[in-house]
Amino acid sequence: MTTQEKSTNQTKFRTDYKAPDYTVSSLYLEFDLKATQTRVLQKAQYHRVGANNELWLDGVNQTLLCINVNGLPFSDYEMSELGLTLKNLPAEFELHIETEIDPQNNTSLEGLYLSDGAYCTQCEAEGFRKITYFQDRPDVLTKYTVKVIADKAFTHLLSNGNKIESGELADGRHFSTWQDPYNKPSYLFALVAGDFDVLHDNFKTRSGRDVKLELFVDKGNLDKADHAMASLKRAMKWDEERFNLEYDLDIYMIVAVDFFNMGAMENKGLNVFNSKCVLANQATATDRDYHTIESIVGHEYFHNWTGNRVTCQDWFQLSLKEGLTVFRDQEFSSDIGSRALNRIDAVKVMRGPQFSEDAGPMAHPIRPEKVIEMNNFYTVTVYDKGSEVIRMMHTILGEENFQKGMQLYIERHDGTAATCDDFVKSMQDASNIDLSLFSKWYSQSGTPELAVEREFNDADKTLTLTVSQFTPATQDQSDKSPLHIPIALELISPEGKSQPLVIDGNKVERVINLTDARQKFIFENIAKDTSVVFLEDFSAPCKVKFEQSLAELITIVKYARSDFSKWDAMQRIMVDALKAGIDNGTQLNEEIVALFRYLLTSNVKDLALLSELLTLPSFDTVASDYHPIPVDAITEQLHAVKSFLATTLLSDIAARYQTLSENGDLDATSIATRALKGRLLDYLAAADWQDVESELETQFISDNMTNSLNALSASCENKRTSHESLLERFKDKWRHDVLVLDKWLALKGRLKGDNTTNAIRAMFESGEVDITNPNRVRALLMSYCMFNPQSFHARNGEGYRLLTDLLIKLDKINPQNAARLITPLLSFKRHTDERQLHVKAQLQRLADLPDLSPDLFEKVSNALNGA
Ligand code: TRP
Ligand code: ZN
C-alpha cells in the first residue's frame with residue numbers, strides 16, 4: 001500500500017509523517033466564478049521525489065469534470081469520498097484537472113464561499129481540498145499563477161502576489177491574473193472577488209523598497225479603515241526594528257469580510273480578515289476593539305516570516321508558526337503599548353481557558369500527537385501556551401541570543417517547511433545554551449504545579465526556597481516528568497526595596513532554573529520578613545502553591561517592580577478573601593478595604609493598570625480553586641463583595657471618579673482614563689450613588705463607544721431600572737451596524753435573570769440572530785456560556801439543553817464553529833454530580849446523531865470517554 005486508506009473520523013498520528021512522493025514545481029489555477037457553478041481548472045507540473053508511482057490527491061465536495069496526464073485523458077485512478085489515488089504515473093508529468101464547485105451553498109466558510117455577495121476563500125488548515133484536487137498538506141510548496149474570471153459587478157478580482165494581467169471578456173465578464181513569486185503551501189492560497197471600497201497607502205521598507213498597501217472594505221466603510229491601516233504600518237516598522245525582518249513583496253492587501261470563522265488569515269500578500277478585526281471608528285469601536293485590531297493586524301503581518309517564508313512540515317507542528325507569531329504579536333503590543341497590561345491579558349487566557357483545556361478531555365501538548373479534525377487544534381494550547389513556551393526560551397536565552405536564534409532559524413529554513421525541533425535547535429545552536437530538557441514542553445501536556453516552601457535562617461541571614469514541580473496526569477497522557485522551568489523572582493525588603501539575588505556568592509539576574517522534581521535555592525544576605533515575588537511576570541505557565549500572608553501580598557502590591565506582579569498579588573488577595581467569604585462567611589478584612597482606599601487615592605501613574613488593580617477576580621478565576629464549583633455561591637459572593645466595597649468606599653470612589661476627564665482621544669492616557677472611569681462607574685452603579693443615573697445617561701449618550709458601552713454595561717450588570725430602556729435605545733440607534741449590534745447581543749447574553757435562557761432561544765428561533773454568521777452566534781452564545789454562569793449552569797439543565805439544540809443546527813451549517821462553541825460543555829467534570837448528569841445527557845444526544853461532523857465527533861467522543 002502506498003496510499004493510506006483515508007476515511008472521516010480517522011485518527012492521524014504525528015509519528016506517521018511521511019514525506020510526499022511527488023512534488024509540484026508550478027501550479028496554474030483558473031477560476032470561472034459563478035454562484036452555484038464555479039469552474040476550477042488546474043495545470044500542475046509534477047515530479048517524483050520518492051519511491052512510489054502513486055499519488056494521493058485530497059479533494060472533497062466537488063464534481064470532477066476532466067482529468068488529463070501529459071495532455072491525454074487519464075483513467076487509472078480510484079476515487080473515494082476524500083480524494084483520488086492516481087496510479088502508474090511517470091516520473092514527470094503535467095496534470096490537468098477540471099472541477100466544479102458551489103460557493104453559494106458552502107456555509108462552512110472553508111474553501112471558496114460567498115460572504116455577503118463577495119467571493120472569498122479560507123484554506124487553512126485543509127480547505128484547499130474543497131476547491132480542487134491537490135496534495136493539501138503544508139510540505140508541498142509551489143509557485144502559483146491564478147486567473148480569476150467573474151462578472152464585472154465584482155470590480156476587484158484578487159489573489160496572492162502581483163497582478164500580471166487583466167482585461168475584458170465577452171458577456172459582461174472580466175479577468176485578472178496574479179502571480180506569486182514565492183513558493184507556498186496550499187493553505188496560504190487566497191482568492192477574493194467583490195465590489196469594495198479601497199483604502200490606499202504605502203510603506204517604504206528599511207532597504208528603500210516601496211510597498212503598496214491596500215485595504216478592501218464593504219462599500220460605505222472607508223471611514224472605519226484608518227486604524228487597521230495605521231496598525232499595519234506600525235507592524236511593518238516594528239518587525240524591521242525588533243526582528244530585523246522586512247516585507248518581501250511589492251504589494252500587501254487586506255480584505256475585510258463579514259462571514260469568517262476566525263479572526264483573520266495570513267494568506268501570502270492577501271490577508272482575509274473578519275470585518276470585526278478591521279473596522280473601527282470612535283463612535284462604533286471600543287478602546288479594546290482598537291487594541292484587538294492592532295494586535296491581529298500585527299499577528300497576520302508577522303506570519304509573513306513566521307509561517308509563510310518558513311512554514312510547517314505538517315499540522316502537528318502548528319505551534320511552530322502560531323506560538324511564535326503570538327509571541328511576536330504580544331511583544332509588538334507590549335513595545336508600543338503597556339507591557340504590564342498586555343501581560344495581564346495573556347495570563348488571563350492562560351489561567352482561564354488554557355488551564356481548563358489542559359485539565360479537560362481535549363488536553364494536548366502544544367505539538368499534538370494525534371488529531372482527527374485539524375480545525376479542532378487551533379487552540380489556546382497551541383497558540384497561547386505555545387507563545388508562553390517561546391517566551392520561556394526568550395527568558396532563558398535573553399533578547400540577544402534569542403534574536404540570533406531567530407536569524408539562524410530563518411537562514412536555515414527560509415522557503416521550506418520546518419518542525420518545532422528545527423526551531424529549538426536553531427535557538428540552541430545560536431546561543432550555546434542546552435535546550436534538550438526544555439524541549440519536553442513540546443511533548444508534555446498538562447499544567448505543572450509548583451510548590452514552594454520557605455525557610456529563613458536568622459543566624460546566617462539566608463532564605464531557602466525549596467521548589468518542587470509536579471504535573472498531574474491529563475486525559476491524553478498519564479506519565480509526566482520534570483520540565484525545565486525558568487522562575488523569575490524578586491525579593492523585597494521590609495522597607496520595600498528590591499534585594500539582589502545572591503546564590504553561592506554569585507549575583508543572579510532575576511531568573512533561577514528549575515530542572516529537577518525538587519530543588520533548593522539558598523539566597524544569601526537576606527533580611528527577615530523579606531517578601532517574595534515568585535514567578536514574576538508569570539515567567540512559566542504553571543500553577544503555584546505558596547503560602548503568603550496578607551501582609552506579604554500587600555507589600556508586593558505596593559512595592560513590586562513588576563506591575564504585572566502587583567496585579568497578580570491583588571488577585572491573590574481577592575481570591576483568598578472571596579473564598580473565605582464563601583467557605584466560612586468571613587467578612588472582608590479591614591486591611592483589604594484599606595488597600596482599596598490606598599489604591600483609589602494613590603498616584604499610580606497608569607490609570608489602566610489602576611483599573612485592573614481595582615477589578616475583582618472573574619467568576620472563572622475563583623471557580624478554578626473549587627471542585628465541584630459552587631456556582632451560585634461564587635456569583636453571590638462576587639456581587640456581595642463588590643457592593644460592600646462600593647458602599648464602604650463610596651466617597652473615595654465618587655471623588656476619584658470626578659477627577660477623571662478625557663475628550664475621546666486615542667492616546668494611551670485618554671484610553672487609560674476611560675478604563676478607570678468605566679471601572680469606577682460600575683462601582684458607583686453598584687453602590688446606588690446619588691448621581692449615578694444622570695452620570696450613566698451622560699456617558700451613554702457620549703459619541704465615544706467605550707464610554708457609552710461602559711455605561712450600558714454598568715446599568716445591565718447592576719440591574720439598574722434604566723437598563724431595559726437603555727438596551728432598547730442602543731439597539732435602535734445601531735440597528736444598521738451589525739458589528740455594534742454584536743455588543744448588544746453580548747450584553748443580552750449575560751443579563752442575569754430567569755428569562756435569559758428562553759429569551760436567547762427565542763432570538764434564534766425568530767431569526768433575529770442569523771445562525772449562519774459566526775460573529776452573531778458567538779457574540780450571544782459565548783457571553784451566555786462564559787459570563788452568565790447562573791443561567792448557563794442552571795440546575796434544571798436548561799442552559800446545557802439550549803446550547804446543545806443550537807449545536808445540532810449549527811453542526812449542519814458550520815461544523816468548525818459548532819466545535820468551537822461546545823467548549824463550555826467539555827469541562828463538566830468540574831461541576832456537581834447533578835450538573836454532570838445533565839451535561840452528559842446532552843453530549844450523548846450529540847453522539848447519537850447520524851451524521852455528526854468529525855469536528856464535533858472528536859470532542860464529544862473524547863468527553864464521553866473521559867467521563
Ligand atoms: N492562521 C490563522 C491565524 O493565525 C488562523 C485561522 C484563520 C484559521 N482562519 C482559520 C485556522 C480557519 C483554521 C481555520 O491567525
Ligand atoms: Zn496565526
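Atoms within each ligand, like the ligands themselves, are counted from 1 in listed order. What's counted below: heavy atoms across the whole structure, side chains too, no hydrogens, waters or symmetry copies.
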Novice: Taking distance alone, with N or O pairs closer than 3.5 Å, would you say Tyr378 contacts ligand 1?
Specialist: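 By distance alone, the answer is no.
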Novice: In His299, the N, O or S atom nearest to the Zn ion (ligand 2) is which?
Specialist: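 So the atom name we want here is NE2.
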Novice: Can you tell me how far the CZ atom of Phe31 sits from the CD atom of Gln42, to the nearest 0.5 Å?
Specialist: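 Between atom CZ of Phe31 and atom CD of Gln42 there are 9.5 Å.
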Novice: List every atom of ligand 1 that sits less than 4.0 Å from any heavy atom of Glu266, numbering the atoms from 1 in the order shown and giving each element.
Specialist: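 Near Glu266, the atoms of ligand 1 are 1 (N), 2 (C), 3 (C), 4 (O).
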Novice: Please state which protein non-hydrogen atom is closest to atom 3 (C) of ligand 1 and give its distance, to 0.1 Å?
Specialist: Tyr383 OH, 3.4 Å
Novice: Hey, which N, O or S atom on Glu322 ends up closest to the Zn ion (ligand 2)?
Specialist: OE1
Novice: Does ligand 1 have any atom that is closer than 4.0 Å to a heavy atom of His303?
Specialist: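 His303 counts as a contact of ligand 1 under the 4.0 Å cut-off.
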Novice: Using a 3.5 Å distance criterion without hydrogens, assess whether the side chain of Asp201 forms a donor-acceptor pair with backbone atoms of Leu213.
Specialist: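 Side chain of Asp201 to backbone of Leu213: no pair is present.
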Novice: Going by atom types only, do Lys130 and Ser108 share a side-chain donor-acceptor pair under 3.5 Å?
Specialist: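 A pair is found: one side chain offers a donor N or O, the other an acceptor, under 3.5 Å apart.
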Novice: For ligand 1, which atoms have a heavy atom of Gln122 less than 4.0 angstrom away?
Specialist: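 Ligand 1 atoms under the 4.0 Å threshold to Gln122: 9 (N), 10 (C), 12 (C).
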Novice: Answer yes if the side chains of Trp238 and Asp335 hold a donor-acceptor pair under 3.5 Å, and no otherwise.
Specialist: yes
Novice: Atom 15 (O) of ligand 1: which of Glu300, Glu126, Lys321 has the nearest heavy atom?
Specialist: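 Considering heavy atoms of Glu300, Glu126, Lys321, the nearest to atom 15 (O) of ligand 1 sits in Glu300.
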Novice: Using only N, O or S atoms, tell me which atom of His303 is closest to the Zn ion (ligand 2).
Specialist: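 Answer by atom name: NE2.
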Novice: Verify ring pair (Phe, Tyr, Trp, His ring centres under 6.0 Å) between Tyr113 and Phe259, making sure each step is shown before the conclusion.
Specialist: CA-CA 9 Å; Tyr113 63 93; Phe259 285 71; 7.9 Å; no
Novice: Which heavy atom of Ile254 sits nearest to which heavy atom of Leu232, and what is that distance?
Specialist: CD1-CD2, 4.2 Å
Novice: Provide, to 0.1 Å, the distance between atom 7 (C) of ligand 1 and the closest protein heavy atom, together with that atom's residue and name.
Specialist: Ala264 O, 3.0 Å
Novice: Taking only heavy atoms of Gln816, which atoms of ligand 1 are found under 4.0 Å from at least one of them?
Specialist: 12 (C), 13 (C), 14 (C)
Novice: With a 6.0 Å cut-off on ring centres, are Tyr247 and Phe203 close enough?
Specialist: no
Novice: What protein heavy atom sits nearest atom 4 (O) of ligand 1, and how far off is it?
Specialist: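 Protein heavy atom at minimum distance: His299 NE2, 3.0 Å.
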Novice: Where the side chain of Ser319 meets the backbone of Val382, is there a donor-acceptor pair that is under 3.5 Å apart?
Specialist: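 Confirmed, Ser319 side chain pairs with Val382 backbone.
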Novice: Considering only non-hydrogen protein atoms, determine which one is nearest to atom 8 (C) of ligand 1 and report residue, atom name and distance to 0.1 Å.
Specialist: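 Result: Met262 CG, 3.6 Å.
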Novice: Under a heavy-atom criterion of less than 4.0 Å, does Met374 contact ligand 1?
Specialist: no
Novice: Quick check, are the ring centers of Phe327 and Phe423 under 6.0 angstrom apart?
Specialist: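 No, too far apart.
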Novice: Between Lys321 and Glu266 (salt bridge meaning N to carboxylate O under 4.0 Å), is one present in this structure?
Specialist: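 Yes, charged N to carboxylate O under 4.0 Å.
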Novice: Of all the non-hydrogen atoms in the protein, which one sits nearest to atom 13 (C) of ligand 1, and at what distance?
Specialist: Glu124 O, 3.6 Å
Novice: Can you sort out which atoms of ligand 1 are near Met265, meaning under 4.0 Å from one of its heavy atoms?
Specialist: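 The atoms of ligand 1 under 4.0 Å from a heavy atom of Met265 are 1 (N), 2 (C), 7 (C).
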